[in-house]
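Not measured: the values here are computed from a predicted model. Just so it is clear: chains get the letters A, B, ... in the order the sequence lines come, proteins before strands, and each one is counted from 1.
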Number of protein chains: 2
Amino acid sequence: MPRIAGVDPLRQKDILVLVVDDEPDLRDLVEFNLRQAGYRTRTAAGGAAALAEVARERPDVLILDLNLPDVSGIEICRSLRAAPATHDLPILMLTARGGEVDRVVGFEVGADDYVTKPFSVRELVLRVDALRRRLSRAAGAPSVAHQKLRAGRIELDVEDFVASVDGQPVQLTLLEFRLLKFLVEARGRVRSREALLVEVWGYSTEVETRTIDTHVKRLRDKLGDAGDAIETVRGVGYRLRS
Amino acid sequence: MPRIAGVDPLRQKDILVLVVDDEPDLRDLVEFNLRQAGYRTRTAAGGAAALAEVARERPDVLILDLNLPDVSGIEICRSLRAAPATHDLPILMLTARGGEVDRVVGFEVGADDYVTKPFSVRELVLRVDALRRRLSRAAGAPSVAHQKLRAGRIELDVEDFVASVDGQPVQLTLLEFRLLKFLVEARGRVRSREALLVEVWGYSTEVETRTIDTHVKRLRDKLGDAGDAIETVRGVGYRLRS
DNA sequence: CGAATCGGTGACAACCCGGTAACAACGCGA
DNA sequence: TCGCGTTGTTACCGGGTTGTCACCGATTCG
């Protein structure tokens with residue numbers, strides 16, 4: 001819960017993170033911070049180099065930029081998932097801002113997590129930590145039990161973009177899922193339309209505020225009677241009853 | 001038909017943002033907008049002044065220009081991160097456009113977010129919001145005990161706009177809530193109608209003073225027998241008995 | 001005691017806000 | 001290219017919220 005200031009004593013020195021990005025600055029930046037946090041690091045500028053590097057020494061976590069000059073990050077992802085030796089390699093995807101589609105694609109090919117640029121490096125490191133923890137916990141188990149967000153009858157598998165009510169999966173669009181996720185994360189607390197706009201739609205969006213209402217309605221409808229959990233706080237915003 | 005761009009009611013007044021930049025114009029601009037958004041602000045022109053200001057009163061968020069005349073923003077960042085009292089202070093870095101390196105350096109010393117000049121002030125404010133949210137989310141368990149205002153049997157959850165009497169929630173409108181909040185904050189002290197108009201209705205309102213009486217009545221009604229706590233001071237105003 | 005002042009109270013109308021449905025625009029896969 | 005799902009926009013509606021007023025009782029003060 002507290003921010004990590006010093007080196008987390010739980011971190012082990014022998015965890016190897018491979019950073020793949022074509023921007024040298026960004027590579028350095030990420031590398032520096034990961035080292036600071038106690039990780040071993042390797043870097044690669046492109047997709048080909050990345051694959052070579054993985055072959056040389058299998059990293060424990062792979063940080064992969066989606067937009068690479070030679071082979072796309074998606075391709076890398078796919079081939080890694082295809083190979084038995086690396087099919088369960090934890091991959092953290094870096095995507096350009098607003099790349100909605102990128103995110104989806106990223107998950108489709110099996111990234112374990114994603115961070116959109118520009119990102120907070122601290123957040124990135126924390127996510128690597130989380131990825132590692134999640135993984136070591138599930139080590140040995142054939143199917144990784146994803147972390148679930150829960151609020152009452154609603155359950156979200158953030159990794160898989162699956163939402164369910166009473167265990168029954170509900171088909172949501174990406175936007176609806178993100179909206180619900182934000183509400184679940186803030187469960188019990190009111191979120192203003194402004195906040196929703198920022199967190200779900202993005203900073204520089206020019207969406208009309210009423211658009212939110214529409215999507216809230218769609219979300220409520222799809223959630224069935226569990227949709228009642230989304231409360232309207234008149235003049236303020238929305239809240240998910242906990 | 002744009003909505004009235006009112007102040008986000010979720011923002012709290014007591015959040016302090018320190019703006020550090022050597023350009024007075026920029027400082028003013030940012031400060032103005034943050035205030036408009038409901039934040040308290042301080043400013044500092046240089047690094048030394050910034051550190052002094054932080055020492056004087058720890059801000060909740062620090063907006064820091066990377067290029068400062070005296071001490072570089074990087075140095076500031078570093079020393080703040082080094083000190084236990086401020087190591088987890090959320091820092092939002094301002095960097096010159098195209099300053100790829102600057103951005104990198106900024107992150108290396110542990111900024112939580114960055115915005116490149118020239119930037120949209122709206123976005124800056126939104127990012128401050130987001131930073132705060134992220135922070136409060138990471139600060140503890142999901143259902144942290146919110147800040148509560150209390151006066152006798154009446155209790156207000158300021159963040160969530162929930163009022164309760166003897167633990168029983170009472171359904172209030174936004175206006176009623178603000179009115180009650182103002183009275184609770186001033187508990188024991190008389191507040192004139194004039195003051196109520198200013199604080200609850202806003203500065204530029206043209207509401208008739210008798211309107212207040214009506215709302216006080218509605219409030220009393222909704223509070224049930226606890227409504228008696230709102231005393232009328234004839235010829236002066238209202239007061240909440242403590 | 002009686003008038004003036006003040007606040008309580010109920011009614012009412014205007015308005016604001018969110019729900020809702022229909023439609024348009026867009027992107028993507030077949 | 002077409003069709004379809006997703007997303008954004010708009011218009012309308014209904015109800016909650018709010019401002020105003022009239023009336024009345026209470027208090028104050030001459």
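- Between the P atom of D:dG25 and the NZ atom of B:K217 lies a distance of 16 Å, rounded to the nearest Å.
- A salt bridge links B:D225 with B:R153: the closest approach of a Lys/Arg side-chain nitrogen to an acidic carboxylate oxygen falls below 4.0 angstrom.
- Here D:dG8 presents its P atom at 11 Å from CD of A:E176, a figure rounded to the nearest Å.
- When the C1' atom of C:dG19 is taken as reference, atom CZ of A:R220 falls 8 Å away, rounded to whole Å.
- Contact annotation: A:Y238 does not reach the phosphate of C:dC17 (side-chain N/O to OP1 or OP2, under 4.0 Å).
- By the 4.0 Å N-to-carboxylate-O rule, A:D213 lies close enough to A:R210 to be salt-bridged with it.
- Atom C1' of nucleotide D:dG19 and atom CH2 of B:W201 are separated by 10 Å, given to the nearest angstrom.
- At C:dG8, one or more side-chain N or O atoms of B:T232 fall inside 4.0 Å of OP1 or OP2 (strictly under the cut-off).
- A sub-4.0 Å separation between OP1 or OP2 of D:dG8 and a side-chain N or O of A:H215 is present.
- The phosphate of D:dT18 has neither OP1 nor OP2 within less than 4.0 Å of any side-chain N or O from B:T211.
- For the pair A:R210 CZ and C:dA22 P, the interatomic distance rounds to 16 Å; values are reported in whole Å.
- A:R218 contributes a side-chain N or O that forms a donor-acceptor pair with the base of D:dG8 under 3.5 Å.
- Taking 4.5 Å as the limit, every side-chain heavy atom of A:S164 sits out of range of all side-chain heavy atoms of A:V170.
- Each of A:L219, A:T173, A:I230 was evaluated against A:L179; a single residue qualifies, A:L219, per the side-chain contact (heavy atoms from CB on, under 4.5 Å) test.
- Nearer the 5' end of DNA chain C, as judged by each residue's closest nucleotide, is the contact made by B:R193, out of B:R193 and B:T214.
- A straight line from NZ of B:K222 to C1' of D:dG16 spans 9 Å, rounded to a whole angstrom.
- Straight-line distance from the CG atom of B:L174 to the P atom of D:dT17: 10 Å, rounded to whole Å.
- Rounded to an integer number of Å, the gap from CG of A:D213 to C1' of D:dG14 is 15 Å.
- Partner B:E176 forms a side-chain hydrogen bond (donor to acceptor under 3.5 Å, both in side chains) with one of B:K222, B:R218, B:H215 and no other, that one being B:K222.
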